[in-house]
Amino acid sequence: MKKILLSSFFNRKTLLVAEELIGKFLVRRVRGKEKALMICETEAYDGFKDKASHAHRGKTTRNEIMFREAGHIYVYFTYGMHYMLNIVTGNKDYPAAVLLRAVEGVSGPGRLTKKLRIDKKLNGKFLGRKTGLWIEDRGVTIQKKLIRRTPRIGIRYAEEWAKKPYRFVMKGKN
DNA sequence: TAAGTGATCTCT
DNA sequence: GAGATCACTTAA
């Protein structure tokens, strides 16, 4: 069974979406070919108060995508060489997103975007077949005990928010 | 462990 | 306009 996830899936609590995305399939169409890879690592960035989130200082031209409706694609460029792929969650005007950090066989958010040829052209688009990037439920259920929660990566500056277990990793992959 | 890389943000 | 920072990767 294959089911494309719609905005109703993403318009829920960010942490819940981040956890449930583990075991779903990220599907990318490039030059007519489709690749589907199981998601095994995500991180949640939730709301104004989250110091690790781009949105915690308010809306800017870069992060305004995070304030849009759930299901938008937020891609940004960092460290001079890497694109990061995020899916916007929650209500309009509430800044939240899930960072996709790894899929099966590809660990690291920068490598993921490189492998799937994801760049700024996708920034601000909506997930779906039309865009060439979407997420499917293929009936795989990951048991909760196989999902590990840990603090997020690369955000030591975020004080107390750096410790929160907002990262979800599937055990035994990568 | 540190360097590379460039967009973006936060001051002037 | 300048300077600092950064949700990372690679090579050592």
Side-chain angles (χ1 to χ4, degrees), chain A residues 5 9-24 26 28 35 37-91 93-127 131 133 135 147-171 173-174:
Chain A
L5 298 181
F9 177 87
F10 299 102
N11 189 14
R12 295 181 300 155
K13 286 192 145 178
T14 309
L15 284 168
L16 186 63
V17 175
E19 180 167 22
E20 290 193 5
L21 277 176
I22 303 288
K24 300 294 187 286
L26 179 66
R28 172 69 169 142
K35 284 183 203 169
L37 294 163
M38 192 171 7
I39 297 168
C40 13
E41 185 176 340
T42 62
E43 281 181 9
Y45 290 85
D46 186 26
F48 299 95
K49 283 187 294 190
D50 183 352
K51 285 207 176 92
S53 169
H54 288 165
H56 101 271
R57 288 169 192 275
K59 195 190 271 192
T60 67
T61 44
R62 176 172 65 156
N63 68 28
E64 61 95 5
I65 310 293
M66 291 181 79
F67 291 75
R68 297 200 196 171
E69 292 88 355
H72 280 274
I73 302 166
Y74 175 37
V75 178
Y76 68 91
F77 189 68
T78 194
Y79 295 112
M81 53 186 91
H82 299 299
Y83 292 102
M84 301 287 126
L85 172 63
N86 300 254
I87 311 299
V88 176
T89 62
N91 290 320
D93 296 324
Y94 181 79
V98 174
L99 170 65
L100 300 188
R101 291 188 56 88
V103 296
E104 55 181 329
V106 185
S107 46
R111 306 181 76 194
L112 188 159
T113 52
K114 189 177 172 194
K115 169 134 184 158
L116 296 180
R117 296 178 197 271
I118 289 162
D119 61 25
K120 289 204 86 157
K121 289 198 287 291
L122 287 165
N123 190 34
K125 295 245 168 70
F126 206 83
L127 283 175
T131 306
L133 182 68
I135 294 174
I147 298 177
R148 212 171 29 183
R149 291 185 65 160
T150 76
R152 291 172 291 184
I153 302 298
I155 55 156
R156 274 206 311 249
Y157 62 90
E159 299 165 29
E160 72 273 21
W161 291 87
K163 299 183 197 133
K164 291 193 185 290
Y166 278 17
R167 172 168 174 248
F168 298 88
V169 189
M170 193 192 317
K171 282 189 189 174
K173 286 275 178 183
N174 292 317

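Every chain is numbered from 1 and lettered A, B, ... according to where its sequence line falls, protein lines coming before strand lines.
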J.: Using atom OH of A:Tyr157 as one end and atom C1' of B:dC9 as the other, report the distance to the nearest whole Å.
T.: 13 Å
J.: Taking 5' to 3' order, which nucleotide of DNA chain C is first and which is last to have an atom within less than 4.0 Å of a heavy atom in chain A?
T.: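 Under 4.0 Å from chain A, the extent on DNA chain C is C:dC6 to C:dT10.
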J.: Are A:Val75 and A:Asp119 packed together at the side-chain level, in the sense that at least one heavy-atom pair is separated by less than 4.5 angstrom?
T.: no
J.: Could you tell me whether the side chain of A:Leu133 reaches within less than 4.5 Å of the side chain of A:Leu26, counting heavy atoms only?
T.: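 Yes, side chains in contact.
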J.: Hey, can you tell me if A:His72 and A:Phe126 have their rings parallel, tilted or perpendicular (30° and 60° cut-offs)?
T.: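 Perpendicular.
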J.: Nearest-Å distance, OH (A:Tyr79) to C1' (B:dG4)?
T.: 12 Å
J.: Give DNA chain B the dot-bracket treatment, 5' to 3': Watson-Crick (N1-N3 with N6-O4 or O6-N4) or G-U (N1-O2, O6-N3) under 3.5 Å, [ ] crossing, | other strand.
T.: ||||.||||||.
J.: What verdict does the side-chain contact (heavy atoms from CB on, under 4.5 Å) test give for A:Leu37 and A:Leu116, after you've listed the backbone C-alpha separation in whole Å, the side-chain angles of each residue and the deciding distance to 0.1 Å?
T.: CA-CA 10 Å; A:Leu37 294 163; A:Leu116 296 180; 4.0 Å; yes
J.: Testing A:Arg68, A:Lys125, A:His54 one by one against A:Tyr74 for a side-chain hydrogen bond (donor to acceptor under 3.5 Å, both in side chains), which residue passes?
T.: A:His54
J.: Within the 4.0 Å heavy-atom criterion, would you say A:Ile155 contacts the bases, only the backbone, or no part of the nucleic acid?
T.: sugar-phosphate
J.: Apply side-chain contact (heavy atoms from CB on, under 4.5 Å) to A:Val103 and A:Leu112, showing your working.
T.: CA-CA 7 Å; A:Val103 296; A:Leu112 188 159; 3.8 Å; yes
J.: Closest nucleotide of DNA chain C for A:Ile153 versus for A:Lys114: which of these residues is on the 5' side?
T.: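 On the 5' side of the pair lies A:Ile153.
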J.: Do A:Arg152 and A:Tyr45 form a cation-pi contact, if we require the NZ or CZ to be under 6.0 Å from the six-membered ring centre and within 45 degrees of the ring's axis?
T.: yes
J.: Under 30°, 30 to 60°, or over 60°: which ring-plane class applies to A:His82 and A:Tyr79, parallel, tilted or perpendicular?
T.: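 Answer is perpendicular, since the angle exceeds 60°.
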J.: Report the distance from atom OH of A:Tyr83 to atom C1' of B:dT8, rounded to the nearest whole Å.
T.: 14 Å
J.: Tell me the closest heavy-atom pair linking A:Ile155 and A:Trp161, and the distance in Å.
T.: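 The pair with the smallest heavy-atom distance is CD1-O, 4.1 Å.
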J.: Is there a donor-acceptor pair under 3.5 Å between the side chain of A:Arg167 and the backbone N or O of A:Ile153?
T.: no
J.: side-chain contact (heavy atoms from CB on, under 4.5 Å) between A:Tyr166 and A:Thr14: does it pass, once the steps are laid out?
T.: CA-CA 9 Å; A:Tyr166 278 17; A:Thr14 309; over 6 Å; no
J.: Expected output is a numbered-order residue list: members of residues 51-70 of chain A with a heavy atom under 4.0 Å from any atom of DNA chain C. What is it?
T.: A:Ala52, A:His54, A:Met66
J.: So A:Met81, base contact, sugar-phosphate only, or nothing? Heavy-atom distance under 4.0 Å.
T.: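 It contacts base atoms.
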